[in-house]
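Here the structure is laid out as structure tokens; the discussion comes afterwards.
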Amino acid sequence: MTENEIKLKAIAALTALRGGVGTDYASELLGEVVPDYFVVPAEADANEIGRAVLGQLSKPLSALITGFVLAFEAVADGYEETDPEVTTEQILQVLALEIAAETD
């Protein structure tokens, strides 16, 4: 799967969630970016296996995050063009404070 295809999966998942399709479909879309298998050296120890898997996961996960960021920026730019009373930054700050106040 190409980097652009992965970015499109992120945007499709967000669109699906906002459209009320459901989390199962969005999870399925996002799950498609994870490789079905990993190539590791035959004689590798646990550390080498971990690095090999991480290396193969990092590119698709990075593209997925980039897709989410691109989608957020597009929505935030559109929102800001409406001259809102509350800025995107303020909304994010409130969200961060709410998350910080939650106990695990």
Whether over 12 other heavy atoms sit under 6.0 Å from Y25 OH
no
Taking only distance into account, with no hydrogens and no angle test, what donor-acceptor pairs under 3.5 Å do side-chain atoms of residues 47-64 form with protein atoms, sequence neighbours excluded?
residue: N47; atom: OD1; partner: R51; partner atom: NE; Å: 3.4
residue: E48; atom: OE1; partner: D45; partner atom: N; Å: 2.9
residue: Q56; atom: OE1; partner: V39; partner atom: N; Å: 3.0
residue: Q56; atom: NE2; partner: V39; partner atom: O; Å: 2.6
residue: Q56; atom: NE2; partner: A52; partner atom: O; Å: 3.1
residue: S58; atom: OG; partner: G55; partner atom: O; Å: 3.1

So, for I91 and Y79, which heavy atoms are closest and what is the spacing to 0.1 Å?
CD1-OH, 3.7 Å
Taking a hydrophobic cluster as the set of Ile, Leu, Val, Met, Phe, Trp and Tyr residues connected by side-chain heavy atoms closer than 4.5 Å, whether directly or through intermediates, do I11 and L29 fall within one such cluster?
no
Hydrophobic clusters join Ile, Leu, Val, Met, Phe, Trp and Tyr when side-chain heavy atoms are under 4.5 Å apart, directly or via other members; which others share one with V69?
I65
So E89 and L92, side chain to side chain contact (heavy atoms under 4.5 Å, CB included) or not? Walk me through it.
CA-CA 5 Å; E89 291 83 2; L92 292 172; 5.7 Å; no
Identify, with sequence neighbours excluded, every residue that meets side-chain contact (heavy atoms from CB on, under 4.5 Å) alongside A76.
F72, T88
L95: side-chain contact (heavy atoms from CB on, under 4.5 Å) partners, not counting sequence neighbours
E98, I99
Are the side chains of E85 and Q90 in touch, meaning some heavy atoms are under 4.5 Å apart?
no
Give me the atom names and distance for the closest heavy-atom approach of E32 to M1.
O-CE, 3.5 Å
Report whether L30 and L14 are members of the same hydrophobic cluster (ILVMFWY, side-chain heavy atoms less than 4.5 Å apart, transitive linking).
yes
Apply side-chain contact (heavy atoms from CB on, under 4.5 Å) to V75 and list each qualifying residue two or more places apart in sequence or on a separate chain.
none
Those residues that, when tested against E3, pass salt bridge (Lys or Arg N to Asp or Glu O under 4.0 Å) (two or more places apart)
K7
